[in-house]
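Any value given below was found using the heavy atoms of this structure, including those in side chains, with hydrogens, waters and symmetry copies removed. If you read the sequence from its start, that first residue is 1, and numbering goes on from there.
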Amino acid sequence: MDVKSTKASPILTGSQPINKSRLGIHSSHLPYSQSSPTYSNNILAVSRKKPGTFDDVQSNVWLEAMRSSSPPRKKILKDFTDEEVASDDGDIIYRAWTIKYPSALNSFQQIMNRAKNRKLVVFLDYDGTLSPIVDNPDRAFMSADMRSAVKRVAKYFPTAIISGRSRDKVYELVGLKELYYAGSHGMDIIFPPEDMASGNRSNCTKSTDRQGKEVNLFQPASEFLPMINEVFRTLVEVTKNIKGAKVENHKFCVSVHYRNVDENSWPIVAQFVYDILKDYSRLRITHGRKVLEIRPVIDWDKGKAVEFLLESLGFSCNQDVLPIYIGDDTTDEDAFKVLQLGNRGYGILVSAVPKETNAFFSLRDPSEVKI
């Protein structure tokens, strides 16, 4: 599978509430210059700058995207009901939404009927899917019951975790050797060499895991490591005085969390990220749940990771396979699209709030995922 770098890098927003169109930004308004990335001897120079007015950050477009990236407020919906529904009637709204995106639990027999005589391949996000969303991402632990449930699934079906976290971190949190792991939104994939049935082996490198066993690594963004590390160090420095801000290095991407930042300070967070990224034309910004993520501008995402893993396991063109992907965030939509095209499999969105999605089914929260 070829990985191509792209010059245009859109700013992506979180999933929007029903009846609200997605945010679109022309490539000429991207938050960085189109020149080559600059490596300064003083990478913290930007920290001494006074942040510009927020008008510099796409005339408040970023602020709106940041507000929309977390579960939106419940609003009046007409898409699924014949009459208006009060915004505080959350259960009524949610039930109306599940007409279009039925509960995977209630549709279990339908899924099993399609899976008959087929091999299931299971893909799982981590945060918000296997673990609850928490204020401190370091405390996003999955329960013992959830771990047992995932282990049982992996005993019978190939199972992979595809997370925005670093591969090492998500392995540490999950702690199951039976799984395939893809960190950094699929830019860091590990699997045993004997499990690679097909695919472009030239894209893989040999390595060893923590137990000293030989493994294959697929890292299409490895050339970006110095750049990512530099941006990470700079962001840590410039945000250190913003109460509640947290910057994480996920190896091939950087996350700037503002969940615990006072909303009045969100423009400052956005401005710092904007100022830094202006000098890195090969990096882009995407939005997750109250997090800004800096990623390489390459044609790679969770959807491509799903395709790569299916191909590597020998299932890419196999009609006897039913892939299922369960996730909760904007970045999981790329995987949902892959399964939606050609009706290849089922995407299942984990959300307690109605929103547009490319998934086929829905679940309310991680407790339903465990069932």
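Between the side chain of Arg282 and the main chain of Pro296, no donor-acceptor pair closer than 3.5 Å is present. Of the possible donor and acceptor atoms, one in the side chain of Trp266 sits under 3.5 Å from a partner among the backbone N and O of Val261.
Considering only residues two or more places apart in sequence or on other chains, Ser255 meets the side chain to side chain donor-acceptor pair (under 3.5 Å) condition with His250, Glu293.
The pair Arg289-Asp127 fails the salt-bridge criterion, with no side-chain N (NZ, NE, NH1 or NH2) lying under 4.0 Å from an Asp/Glu carboxylate O. Ionic pairing of Asp262 and Lys243 is not present here: no N-O contact between side-chain nitrogen and carboxylate oxygen is shorter than 4.0 angstrom. In this structure, Lys100 pairs ionically with Glu356, as a charged nitrogen and a carboxylate oxygen lie closer than 4.0 Å. Comment: Asp332 engages Lys302 in a salt bridge, judged by a side-chain N to carboxylate O separation of less than 4.0 angstrom. Ion pairing between Glu333 and Lys355 fails under the 4.0 Å rule for side-chain N and carboxylate O.
Ile348 and Ile133 fall into different hydrophobic clusters, where Ile, Leu, Val, Met, Phe, Trp and Tyr are joined by side-chain heavy atoms under 4.5 Å apart, directly or via other members. Residues Leu341 and Val306 fall into different hydrophobic clusters, defined by Ile, Leu, Val, Met, Phe, Trp and Tyr side chains chained together at heavy-atom separations under 4.5 Å. In the hydrophobic clustering of ILVMFWY residues, with side-chain heavy atoms under 4.5 Å counting as a link, Ile371 and Phe360 come out together. No single ILVMFWY cluster, assembled from side-chain heavy atoms under 4.5 Å apart, contains both Val134 and Leu130.
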Assess whether side chain to side chain donor-acceptor pair (under 3.5 Å) is satisfied between Ser367 and Asp365, documenting all intermediate values.
CA-CA 5 Å; Ser367 68; Asp365 53 40; 2.3 Å; yes
Working for side chain to side chain contact (heavy atoms under 4.5 Å, CB included), residues Ile228 and Leu283
CA-CA 9 Å; Ile228 291 292; Leu283 299 178; 3.9 Å; yes
Phe308 vs Glu311, side chain to side chain contact (heavy atoms under 4.5 Å, CB included): CA-CA, chis, key distance, verdict
CA-CA 5 Å; Phe308 175 83; Glu311 178 183 334; 5.5 Å; no
Checking side chain to side chain contact (heavy atoms under 4.5 Å, CB included) for the pair Phe123/Leu310: CA distance, chi angles, key distance, verdict?
CA-CA 10 Å; Phe123 300 95; Leu310 288 173; 3.9 Å; yes
Steps toward side chain to side chain contact (heavy atoms under 4.5 Å, CB included) verdict (Cys204, Phe191)
CA-CA 10 Å; Cys204 297; Phe191 51 95; 4.1 Å; yes
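Residue Tyr325 forms a ring-ring contact (aromatic ring centres under 6.0 Å, His included) with just one option from Tyr346, Phe361, Phe336, and that option is Phe336. The side chain to side chain contact (heavy atoms under 4.5 Å, CB included) with Ile162 is formed by just one residue from the set Asp125, Asp301, Leu309, Leu124; it is Leu309.
Among pairs with a residue in residues 337-350, those fulfilling salt bridge (charged side-chain N to carboxylate O under 4.0 Å, His left out) read Glu307-Arg344, at least two apart in sequence or across chains.
Between His257 and Val247, the closest side-chain pair of non-hydrogen atoms is not below 4.5 Å.
Taking the ring centre of Tyr126 as origin, the terminal cationic atom of Arg165 falls outside the region bounded by 6.0 Å and 45° from the ring axis.
Taking the six-membered ring where the residue is Trp, the centroids of Trp300 and Phe218 are separated by under 6.0 Å.
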